[in-house]
> 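Mind looking over this structure? Questions follow.
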Amino acid sequence: MHVLILGGTSEARRLADLLAGDPALRVTSSLAGRVAQPRLPAGEIRVGGFGGPSGLAGWLRTHRVDALLDATHPFAETISRNAAIAAADTGTPLLALRRPSWQAADGDRWHPVPTLAAAADALPALGARVFLTTGRQGIAAFAHLNSLWFLARSVEAPVPPMPAVTEVLLERGPFTLDGERELLRAHRIEVLVTKDSGSAATAPKLTAARELGLPVVVVQRPSAPEGVRTAPDLAGAVDWLRALST
Ligand code: NAP
């Protein structure tokens with residue numbers, strides 16, 4: 001059984017590592033190619049875009065893919081939509097791995113917003129020293145906020161446009177609560193901006209912000225393609241594959 005995992009997340013890598021040990025499966029992970037030195041999963045790997053939904057459909061046919069697992073980031077909207085179209089066109093079973101959204105706890109001061117642009121609009125009223133964790137591709141949405149100070153954390157260096165006063169921190173999760181607390185304190189952060197990725201690896205910043213009483217601007221997820229079956233965790237994905245192969 002040939003399984004194609006659309007990756008780019010830690011879950012996708014763990015899923016590939018888990019499945020690659022099964023001799024009944026051929027596992028290929030697909031990466032977009034955005035990160036210069038990605039952590040590579042076990043199994044086969046292909047890198048780069050497919051060329052839209054028709055390109056992905058062609059790849060599924062040519063490589064005789066029996067099951068498609070969309071384990072991309074919840075904000076990677078285009079590839080998830082393409083996967084839904086290509087799976088329907090080719091009759092390939094599709095499952096989307098979607099970790100649950102983060103939930104606010106007592107003491108959280110969250111400001112949910114629908115988009116990065118809305119996050120930028122909300123910032124000036126919330127604080128002048130901003131910890132921006134929305135990734136390098138999102139930094140342009142904040143470029144006009146030249147009266148605020150930014151600490152921008154990303155895996156790869158962001159490119160302009162970006163806010164005039166930006167300190168860049170190149171780091172890859174997982175992050176610890178102690179580390180996040182210290183980071184917020186050392187940089188005298190007044191407000192945090194994050195996407196609702198739901199990832200455990202990046203959740204400690206939310207706890208640290210709660211402890212320090214800081215507001216958090218939370219960018220809500222885009223809607224997932226309709227009609228696609230989802231699983232919240234790796235066990236759900238493995239169960240789905242087992243059911244397919246019996
Ligand atoms: P996107 O906007 O949904 O996709 C843009 C294009 O990139 C797609 O149309 C596709 O090109 C290509 N692509 C995306 N993921 C791919 C994959 N796994 N394998 C092959 N091609 C892929 O994606 P994005 O938001 O730029 O994210 C790119 C990658 O980074 C994803 O794999 C995602 O899991 C990961 N990531 C994203 C975020 C985020 O916040 N967006 C955060 C962490 C990790 P073609 O149309 O040519 O096939």
Side-chain angles (χ1 to χ4, degrees), residues 1-99 135-138 154-156 159 172-173 195 197-199 201 221-246:
M1 187 173 184
H2 188 189
V3 181
L4 176 63
I5 300 175
L6 301 173
T9 59
S10 53
E11 275 88 355
R13 197 177 60 249
R14 284 194 286 128
L15 184 60
D17 290 348
L18 195 67
L19 298 179
D22 184 339
L25 300 178
R26 174 184 168 197
V27 179
T28 304
S29 290
S30 174
L31 305 177
R34 303 273 195 280
V35 178
Q37 290 182 314
R39 289 182 187 150
L40 294 178
E44 298 172 41
I45 289 155
R46 67 160 302 285
V47 181
F50 295 93
S54 59
L56 177 54
W59 205 97
L60 295 174
R61 284 195 191 96
T62 308
H63 296 85
R64 297 177 178 282
V65 172
D66 300 296
L68 179 58
L69 274 159
D70 172 11
T72 58
H73 193 273
F75 283 79
E77 204 176 351
T78 307
I79 188 70
S80 291
R81 194 171 53 239
N82 292 355
I85 297 169
D89 282 357
T90 57
T92 310
L94 166 65
L95 180 83
L97 189 58
R98 284 289 172 266
R99 53 198 176 203
R136 73 177 164 133
Q137 291 184 84
S154 55
V155 176
E156 299 273 305
V159 290
R172 194 194 318 238
K195 291 174 178 172
S197 79
S199 167
R221 295 177 177 187
S223 48
E226 271 180 33
V228 173
R229 180 191 281 260
T230 62
D233 52 24
L234 300 192
V238 171
D239 288 349
W240 177 76
L241 272 180
R242 276 211 192 99
L244 273 185
S245 60
T246 51

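Just so you know, these numbers come straight off a predicted model, no measurement behind them.
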> What distance do Glu11 atom CD and Thr72 atom OG1 have between them, rounded to the nearest 0.5 Å?
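The distance works out to 10.5 Å.
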> Test your reading of the model: is there a side-chain donor-acceptor pair from Arg14 to the backbone of Leu234, 3.5 Å cut-off?
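Side chain of Arg14 to backbone of Leu234, a donor-acceptor pair under 3.5 Å: no, none is there.
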> Do Arg172 and Arg39 make a side-chain contact, defined as non-hydrogen atoms from C-beta onward lying under 4.5 Å apart?
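Of all side-chain heavy-atom pairs linking Arg39 with Arg172, at least one is under 4.5 Å.
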> Quick check for you: to the nearest 0.5 Å, what is the distance between Ile79 atom CD1 and Asp70 atom CG?
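If I round to the nearest 0.5 Å, the distance is 7.5 Å.
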> Could you tell me whether the side chain of Arg99 reaches within less than 4.5 Å of the side chain of Pro232, counting heavy atoms only?
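Pro232 does not reach Arg99 side chain to side chain.
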> Quick one: pull up CD1 in Ile5 and CG in Leu68 and give me the separation to the nearest 0.5 Å.
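Rounded to the nearest 0.5 Å, the CD1-CG separation comes out at 10.0 Å.
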> Apply side chain to side chain contact (heavy atoms under 4.5 Å, CB included) to Phe50 and Leu6, showing your working.
CA-CA 11 Å; Phe50 295 93; Leu6 301 173; 3.8 Å; yes
> Donor-acceptor pairs are to be reported for all side-chain atoms of residues 19-32 against protein atoms at under 3.5 Å, with residues two or more places apart or in another chain.
| from | atom 1 | to | atom 2 | distance (Å) |
| --- | --- | --- | --- | --- |
| Asp22 | OD1 | Ala24 | N | 2.8 |
| Arg26 | NE | Glu44 | OE1 | 3.4 |
| Arg26 | NE | Glu44 | OE2 | 3.0 |
| Arg26 | NH2 | Glu44 | OE1 | 3.1 |
| Thr28 | OG1 | His2 | NE2 | 2.7 |
| Ser30 | OG | Arg46 | NH1 | 2.7 |

> Do Val155 and Arg34 come close enough that some side-chain heavy atom pair is under 4.5 Å?
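Answer no - side chains too far apart.
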> In Å, rounded to the nearest 0.5 Å, how long is the span from CD of Gln37 to CG of Leu40?
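Between atom CD of Gln37 and atom CG of Leu40 there are 10.0 Å.
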> I'd like to know if the side chain of Asp17 and the backbone of Ala42 have a donor-acceptor N/O pair within less than 3.5 Å.
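Indeed, once roles are kept as given, a pair shorter than 3.5 Å links the two residues.
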> Under the criterion side chain to side chain donor-acceptor pair (under 3.5 Å), I'd like the reasoning laid out for Arg98 against Ser80: C-alpha separation, chi angles, the key distance, then a yes or no.
CA-CA 11 Å; Arg98 284 289 172 266; Ser80 291; 2.8 Å; yes
> If you round to the nearest 0.5 Å, how far is CG of Asp89 from CG of Leu56?
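Taking CG in Leu56 and CG in Asp89, the distance rounds to 9.5 Å.
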> Start with the C-alpha distance between Val238 and Leu18, add both sets of side-chain angles, then the distance that settles side chain to side chain contact (heavy atoms under 4.5 Å, CB included), and finish with yes or no.
CA-CA 9 Å; Val238 171; Leu18 195 67; 3.6 Å; yes
> Does CZ belonging to Arg64 count more than 12 external heavy atoms closer than 6.0 Å?
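No, because the 6.0 Å sphere around CZ of Arg64 holds 12 heavy atoms or fewer from other groups.
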> Backbone N or O of Ala36 within a donor-acceptor pair of the Glu156 side chain at under 3.5 Å?
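Indeed, once roles are kept as given, a pair shorter than 3.5 Å links the two residues.
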> Tell me, with the steps shown, if Leu4 and Leu69 meet side chain to side chain contact (heavy atoms under 4.5 Å, CB included).
CA-CA 6 Å; Leu4 176 63; Leu69 274 159; over 6 Å; no
> Any chance you could measure Lys195, atom NZ, to Arg221, atom CZ, to the nearest 0.5 Å?
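That separation rounds to 11.5 Å.
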> Is there side-chain contact between Val65 and Val3, with at least one heavy-atom pair below 4.5 Å?
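No, too far: nothing below the 4.5 Å cut-off.
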> Are any side-chain N or O atoms of Thr62 and backbone N or O atoms of Trp59, one a donor and one an acceptor, separated by less than 3.5 Å?
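Pair absent, no side-chain N/O of Thr62 close to backbone of Trp59.
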> Of all the heavy-atom pairs spanning Thr9 and His73, show the shortest one and how long it is.
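In terms of heavy atoms, the two residues are closest at CG2-N, 3.3 Å.
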